[in-house]
Each structure stands twice: as structure tokens, then as C-alpha cells.
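First the proteins, then the strands, lettered A, B, ... as listed; each starts at 1.
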Amino acid sequence: MRPPSPSIPEKEFLYTSLKESLRLDGRLSMEIRSPTLTFGDDLGWVECSLGKTRVLAQVEGKMVKPPPERPYEGIITIHSEISPMASNEYEPGRPSDEEVTITRMLDKVLKRSDAVDKESLCILAGQRVWHIRLTLHFLADAGNMLDCACLAGIVALKHFRRPDVEVVGDEVTVHEPTERAPIPLAIHHTPFCFTFAFFPDPTIPPVIDPSQLEQRLSAGMISIALNAQRELCVLQKLGGVPLDPDEVLKIVIIAVQKAKELNGVVEARLKEDWEGRHVEVR
Amino acid sequence: MSATVLPGTVVPAQHANLKLGPGLIQKSDAGAAGPSIITTRTGTLNHSSNGSKWWVESNSRRYVPAPQESVIGVVVQKVGDGFRVDIGAAHSASLDGLAFEGATKRNKPNIKIGCVVYARVSLAHKDMEPELECFDAQTRKAEGFGEVKGGFLVRCSLKMCRNLLDPKHFLLPLLGARFPLEAAVGMNGRVWINAKEPRQIIAISRCIEAVDPDGGGMDEAGIKAFLGTLDI
């Protein structure tokens with residue numbers, strides 16, 4: 001079912017209040033909703049919520065035979081399908097434009113940016129490698145599912161622990177988590193994604209982390225993925241809003257600032273969760 | 001007396017002029033002694049003091065149209081002489097072009113796609129498209145129905161709408177004491193609000209979301225503290 005366009009009062013009110021830099025949920029133009037991370041019992045299970053937008057990420061690993069053209073690397077696959085659970089606009093089976101954008105962006109941010117080291121996933125060259133599968137479930141859509149999904153994905157990858165494997169000659173022994181402590185994935189850097197929305201009226205300044213109404217009424221969006229070390233991974237611009245190079249630079253600087261803050265929050269949460277888990281050593 | 005019930009609970013309701021409200025149906029059992037009253041929703045079972053009216057009080061977000069309820073709709077399409085209006089139900093409702101006060105074939109209301117209307121559900125059956133009218137059933141006059149201009153639309157749960165329509169609820173009088181406001185509450189989970197400044201409209205919208213039982217259910221003291229933090 002296609003979503004009905006916002007009504008005339010909603011549209012006019014949004015533009016009027018954005019001209020005065022007032023957002024409908026009381027945030028500042030450059031304030032993101034503070035993320036809440038909930039970890040499950042399994043390692044690699046994370047639910048991330050940005051306000052009312054919720055995404056669930058789950059990481060699993062299994063051993064497979066690698067493809068002949070890349071025998072020394074592991075495989076990482078990302079599965080993200082938006083079900084009607086997120087909102088009654090999405091139909092199962094038919095990817096909407098937004099879903100295609102999210103899938104492509106997740107691919108660029110998590111796979112092509114080499115966040116996870118694939119060579120460390122190799123167990124026995126040409127015979128056995130780890131296949132890490134990241135599944136994302138979109139639970140609720142209140143705007144900006146992309147940032148929420150990227151955050152959930154990278155935090156789940158950082159949270160996941162794979163079983164310890166011992167290779168003697170050609171023999172591979174997989175140790176149970178109860179025998180030997182499982183080891184984390186080798187993560188080179190932690191990319192975070194930030195989305196900014198622009199509006200048709202050029203006097204309205206851009207806003208970060210748009211809500212659902214802001215996203216629907218925006219003329220274009222720009223998404224920046226970067227890590228806390230000020231390295232840009234992806235810069236994606238959707239929609240035809242013309243931007244000066246100065247404006248883009250201003251946005252990048254804001255994103256750099258937010259990335260540092262978000263990194264601090266994520267590290268603190270991961271540490272807190274890890275300390276709460278009982279790891280038996282025999 | 002209010003007990004929490006699950007769907008399928010048999011209710012001991014007996015009265016000469018028994019009226020069943022939302023959440024209750026009458027099943028006629030072939031074998032057992034006469035028809036029995038069964039609940040269809042989860043919630044609290046209530047009844048009037050003399051036992052003639054029984055209903056189940058529950059909350060949800062999806063609206064099921066029922067006749068004579070006032071709803072807020074958004075016009076999505078012009079169909080011949082009338083309009084197709086989205087009221088948040090399973091089907092879009094149809095609103096005839098002549099269902100307004102003082103409308104004739106020559107003098108039709110000027111309603112465009114995207115307009116917000118406050119209308120009354122005149123016909124609602126399970127599998128049919130509901131129908132709307134923009135005048136009062138008895139007096140045939142507008143009485144506030146029709147297109148509403150300007151302002152803003154807020155979504156909330158169905159219980160919140162019922163609370164806002166209750167004259168004894170605290171929220172709207174509390175906000176109205178601070179600044180003048182207009183509100184049209186639809187039973188379909190939508191409220192149209194209007195005030196002079198955008199700041200005030202945003203404040204009303206945030207208060208409605210805060211008091212909504214789905215989003216926290218703040219009480220009067222909490223709202224007063226909350227209003228202090230917003231600068232109106």
C-alpha cells in the first residue's frame with residue numbers, strides 16, 4: 001500500500017516551523033535522537049533504537065568452503081528485508097526505493113569499507129573459511145532507518161564472538177564456547193552513518209536524523225558514513241537539491257563531531273555489557 | 001466493577017434492555033441455554049450502574065469505523081462527484097461532494113487533494129467502504145464538520161482520543177488556560193490542532209504524545225513540569 005502523501009496542513013506547518021528552526025519533536029536542527037542499545041543473551045544480538053525507530057541485528061557464523069577465486073578470505077553477507085512490521089507502507093516481496101537505498105548503503109558501509117578483516121576469517125586456505133551472516137530486522141519506522149540499521153549492524157559485529165578454531169596440519173578442531181573462550185572478529189574501524197535532510201526552500205537549513213514526516217517532505221538527503229578517526233567511508237547524496245561545497249564541508253564537520261560522541265557511547269555500552277556477562281574459565 | 005478479561009470470556013450480563021458496547025458480541029448457542037455474551041478484546045470489563053450497558057475498555061492504534069463517530073480524514077482522490085478520504089482504517093472512505101451544509105449541484109465545496117476534513121461516519125460495515133458526511137445527522141447543519149484549514153495533525157492511540165473527548169480530562173483545559181487553541185479530535189487516532197504560534201502547536205503535539213497511554217501516560221503534575229521546560 002503506497003503511503004498517502006502528507007496532508008496540506010502538515011506540509012505547511014512543517015515548513016513554517018523549520019524556517020524558525022523549530023523541529024516537531026523539540027530537537028535542535030543538529031541534534032540526533034540518543035541511541036539506546038539493548039543486547040540479548042546471544043553474542044551478536046543487538047537491538048538499536050533511535051527514538052521510536054527500532055532495528056534488530058543478529059550475527060551468525062558458520063564454516064564453509066570458499067569460492068575458488070578467493071581462497072584466503074572469509075565471506076560476509078548482509079540480509080536486510082523490510083517487512084510490513086516496520087510500517088504499513090512496506091509490502092513483502094517488493095523492495096521499495098528506500099529499501100534498495102538502505103541495502104546498497106549497508107553494503108558500502110559495512111562490507112566495502114573493509115570494517116571487518118576478511119583474511120582473519122580464513123581457517124584453512126582453499127578449504128574452510130568463516131561465513132559471517134548479518135541479519136537485520138526492521139521493527140519500527142519513525143524516520144531514518146538507515147542510520148539505525150548501520151549502527152545496529154556495526155555494534156552487532158563488534159559484539160559477536162566466534163568459536164576458537166585450532167588447525168594442526170590439515171585437521172581443523174572447533175572448540176566449544178564452554179571449552180575455550182570465543183574470540184571477537186577483527187574489526188579495523190567502526191563506521192557510523194549520519195543522514196541529513198534538505199528541504200525545497202533553500203532558506204530552511206538542513207536537519208540531522210530526520211523524523212518520518214521530515215523525511216517524507218524533504219527534497220533530498222545526504223548520508224555520510226565515517227569513523228571516529230575522521231576517515232570518511234561513504235558520502236551519498238540522494239535527490240536533486242543543489243549544494244555548495246561549503247555547505248557540504250559544514251555538514252561533514254558536524255558529522256565528524258557526532259561520530260566521536262557516538263563512538264564514546266557505543267564503547268561504553270559494549271564495555272558495560274561485557275562486564276555483566278559471566279565468562280567461565282576452567 | 002472492572003475486571004481484566006481476555007477474548008472469549010463469557011460475561012454474565014442480564015437485563016431487559018441490554019446494550020452491548022465495543023468488545024462484546026452475542027453468540028447464540030445451539031445446545032446451551034439461550035444466547036451467551038462473549039468478549040472479543042483484551043481489556044477491562046465495565047458496565048453501567050443499572051447493568052443495562054456493558055463494554056470492554058481497551059487500547060489500540062488501528063481504527064475500525066463505526067457509525068455516528070466523528071473522524072479526521074485526509075482527502076486522497078477526487079472520484080466523480082465525491083472524494084476518497086483516508087481515515088486510517090482498512091478501506092478508504094467515500095465522501096460525497098454534496099454531503100456538506102448548503103451544497104447544491106452548482107455550489108460544491110472547494111476541496112483539494114491533501115485537505116483535512118472533520119466528518120461523521122454515516123455508514124460502516126465490515127467489508128464495505130465506509131461513507132462519511134460533513135453535517136450533523138439530526139440538524140443537517142455543519143456543526144463544526146467540514147474542511148479544517150491550517151494547523152497541524154497529530155497521531156495518537158484510540159484511548160487517548162477518547163480521553164481528549166472526555167470533558168473531565170485535564171489536558172486540553174490545562175493547555176487552554178495558557179494560550180488560546182483550537183482542537184478537533186477524531187475517533188480514528190488523529191487530532192487536528194491549531195494555535196497562533198508554531199511553538200505553541202509543537203507544545204500541544206508533544207504534550208499529547210507524552211500523555212498518550214502508549215507513550216508513557218504522563219499525569220497532570222508531570223505535564224505541568226514538562227510545560228515548564230518548553231518555552232512557549
Side-chain angles (χ1 to χ4, degrees), chain A residues 1-29 31 33-34 36 49-54 83-91 139-143 199-201 203-205 207 209-218, chain B residues 61-63 72-77 84-93 111-118 147-155 182 184 186 190-210 212 214-216 226-227 229-232:
Chain A
M1 188 182 87
R2 297 216 66 222
S5 319
S7 58
I8 297 178
E10 285 175 300
K11 211 194 297 197
E12 289 180 356
F13 181 66
L14 185 81
Y15 290 151
T16 318
S17 33
L18 280 177
K19 274 214 181 91
E20 299 182 22
S21 290
L22 291 170
R23 289 176 82 169
L24 295 177
D25 43 8
R27 285 187 278 156
L28 300 167
S29 319
E31 192 185 323
R33 292 171 279 192
S34 70
T36 320
S49 61
L50 277 177
K52 292 210 181 128
T53 304
R54 288 165 56 199
S83 74
M85 181 162 47
S87 174
N88 64 353
E89 308 148 12
Y90 300 108
E91 282 168 32
L139 300 176
D141 178 18
F199 298 93
D201 188 343
T203 56
I204 301 181
V207 294
D209 192 17
S211 66
Q212 192 168 42
L213 195 60
E214 288 165 353
Q215 196 169 331
R216 282 234 195 96
L217 292 172
S218 66
Chain B
R61 292 195 79 102
R62 197 42 107 98
Y63 176 60
I72 300 241
V74 179
V75 177
V76 287
Q77 213 184 349
R84 200 166 243 143
V85 179
D86 164 54
I87 53 173
H91 307 278
S92 308
I111 297 192
K112 301 188 269 293
I113 295 186
C115 279
V116 173
V117 287
Y118 188 49
E147 186 195 347
V148 285
K149 295 201 172 83
F152 187 58
L153 207 59
V154 180
R155 312 278 157 112
E182 278 187 272
R190 298 180 186 176
V191 184
W192 174 85
I193 52 179
N194 197 3
K196 248 177 77 177
E197 306 211 353
R199 245 176 249 280
Q200 294 169 345
I201 300 184
I202 292 179
I204 307 176
S205 159
R206 290 182 74 189
C207 284
I208 292 181
E209 266 179 37
D212 195 330
D214 270 354
F226 184 57
L227 282 173
T229 64
L230 312 167
D231 72 320
I232 316 171

Which atoms of [X] approach chain B - backbone, side chain, both or neither, heavy atom under 4.5 Å:
X: A:Glu12; answer: neither
X: A:Leu213; answer: side chain
X: A:Lys11; answer: neither

Which atoms of B:Glu209 approach chain A - backbone, side chain, both or neither, heavy atom under 4.5 Å: side chain

Work out which heavy atom in [X] is nearest to a heavy atom in [Y]; give both atom names and the distance.
X: A:Ser17; Y: B:Ile202; result: CB-CD1, 4.2 Å
X: A:Gly26; Y: B:Arg206; result: CA-NH1, 3.3 Å
X: B:Val74; Y: A:Ser7; result: CG1-CB, 3.7 Å

Reported CZ-to-CG distance for the pair A:Phe13 and B:Asn194, which is rounded to 0.5 angstrom: 9.0 Å

Interatomic spacing from CG in A:Leu22 to CD in B:Glu197 - rounded to 0.5 Å: 9.5 Å

Qualifying residues under ring-ring contact (aromatic ring centres under 6.0 Å, His included), relative to B:Tyr118, sequence neighbours excluded: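 Counting only residues at least two positions away or on another chain, B:Tyr118 forms a ring-ring contact (aromatic ring centres under 6.0 Å, His included) with B:Phe145.
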
Flag if over 12 foreign heavy atoms under 6.0 Å of CZ, A:Arg54: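 Open.
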
Residues forming a side-chain contact (heavy atoms from CB on, under 4.5 Å) with A:Thr36, sequence neighbours excluded: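 By the side-chain contact (heavy atoms from CB on, under 4.5 Å) rule, A:Thr36 matches A:Ser49.
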
